[in-house]
Amino acid sequence: SPVQSQAPADPPITVNNIIAESPSSTPDDSAPDMDMPPPVQAYDQESIKSRMESAPGEVFMVAKQFAAEGNYIDAEQLLLKLTQRQHTAGDTRMEALNESILETLVSINQKLNRFDKAELHLRQLVKMQERSRPQDDPHLGKTLAEYAQALRANGKEQEALKQETRANLI
């Protein structure tokens, strides 16, 4: 894709324009410096930071794309930053986004066999869903079952059985 000399004030965020804006990328007309180490991050931190509050859904989609491409480290970093932003209580759109963020963090940590982190995010997700969903919601049941699996993987059999029982009652 061509590199623009002047970008619009707030262009839509995409994986391609983040990578193109990244200070670690090189312009098309110059050869990469072979002495430089490979880039650590596949995105421009300043570009993301400016969109963290104004367009968190767009940042989330970039993180999901990174995860789909197997770039779990950058995906996790973006998702963790998204969990730290402030939002108004009762904003159902943001609560749904926060649920999706936690679900994606769980998925990444399960794929990387980091069940301790998956357990932490699942615990947060269960609490969030218990506040926002009916107690017989199938999605809550699925989350409880995943939570039980993570607890079991971490050697917490008694707590796993408790959560598994709750999941099976839904």
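Numbering of residues begins at 1 and proceeds along the displayed sequence. The basis for the numbers below is simple: all heavy atoms, side chains too, and nothing from hydrogens, waters or symmetry mates. This is a predicted model, so every value here is computed, not measured.
Summarising the geometry, atom CE belonging to Met128 is positioned 12.0 Å from atom CG belonging to Leu122; distances are rounded to the nearest 0.5 Å. To the nearest 0.5 Å, atom CZ of residue Phe66 and atom CG of residue Leu79 are 10.5 Å apart. If you take CG on Leu144 and CG on Leu169, they are separated by 10.0 Å, rounding to the nearest 0.5 Å. Of the inter-residue distances, the one linking Tyr147 atom OH with Leu140 atom CG reads 12.5 Å to the nearest 0.5 angstrom. In this structure, Asn109 CG and Lys117 NZ are separated by 6.0 Å, a value rounded to the nearest 0.5 Å. One distance of note links OG of Ser107 with CG of Leu102; it measures 12.5 Å at 0.5 Å rounding.
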Determine, stepwise, if the pair Leu151 / Phe115 fulfils side chain to side chain contact (heavy atoms under 4.5 Å, CB included).
CA-CA 8 Å; Leu151 288 163; Phe115 297 106; over 6 Å; no

side-chain hydrogen bond (donor to acceptor under 3.5 Å, both in side chains) evaluation trace for Thr143 with Gln129:
CA-CA 9 Å; Thr143 303; Gln129 289 178 351; 2.8 Å; yes

Quick one: do Gln110 and His121 satisfy side-chain hydrogen bond (donor to acceptor under 3.5 Å, both in side chains)? Show the steps, please.
CA-CA 11 Å; Gln110 287 172 332; His121 297 304; over 6 Å; no

Apply the test side chain to side chain contact (heavy atoms under 4.5 Å, CB included) to residues Ser100 and Lys64: give CA-CA distance (whole Å), side-chain angles for both, the deciding distance (0.1 Å), then the verdict.
CA-CA 10 Å; Ser100 296; Lys64 289 275 292 185; over 6 Å; no

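Ion pairing of Glu130 with Arg166 is present here, as a side-chain N (NZ or NE/NH1/NH2) and a carboxylate O approach within less than 4.0 Å. A salt bridge is absent between Arg152 and Glu159: the closest approach of a Lys/Arg side-chain nitrogen to an acidic carboxylate oxygen does not fall below 4.0 angstrom. Using a cutoff of 4.0 Å between basic side-chain nitrogens and carboxylate oxygens, Lys156 and Glu119 are scored as salt-bridged. Electrostatic pairing of Glu157 and Lys162 does not count as a salt bridge here, judged by no charged N lying under 4.0 Å from a carboxylate O.
Under 3.5 Å, the side chains of Arg93 and Asn98 contain no donor-acceptor pair of N or O atoms.
In this structure, the side chains of Thr104 and Phe60 come closer than 4.5 Å at one or more pairs of heavy atoms. Residues Leu82 and Val59 form a side-chain contact, since some pair of their non-hydrogen atoms from C-beta on lies under 4.5 Å apart. Side-chain contact between Met94 and Arg85 is present, with at least one heavy-atom pair separated by less than 4.5 Å. Side-chain contact between Leu112 and Glu76 is absent, with no heavy atoms from C-beta onward closer than 4.5 Å. Side chains of Glu99 and His139 form a contact here, defined as non-hydrogen atoms less than 4.5 Å apart. Between Ser47 and Arg51, some side-chain heavy-atom pair lies under the 4.5 Å cut-off.
Although no hydrogens or angles enter the test, the distance criterion places a donor-acceptor pair under 3.5 Å between the side chain of Asn154 and the main chain of Ala150.
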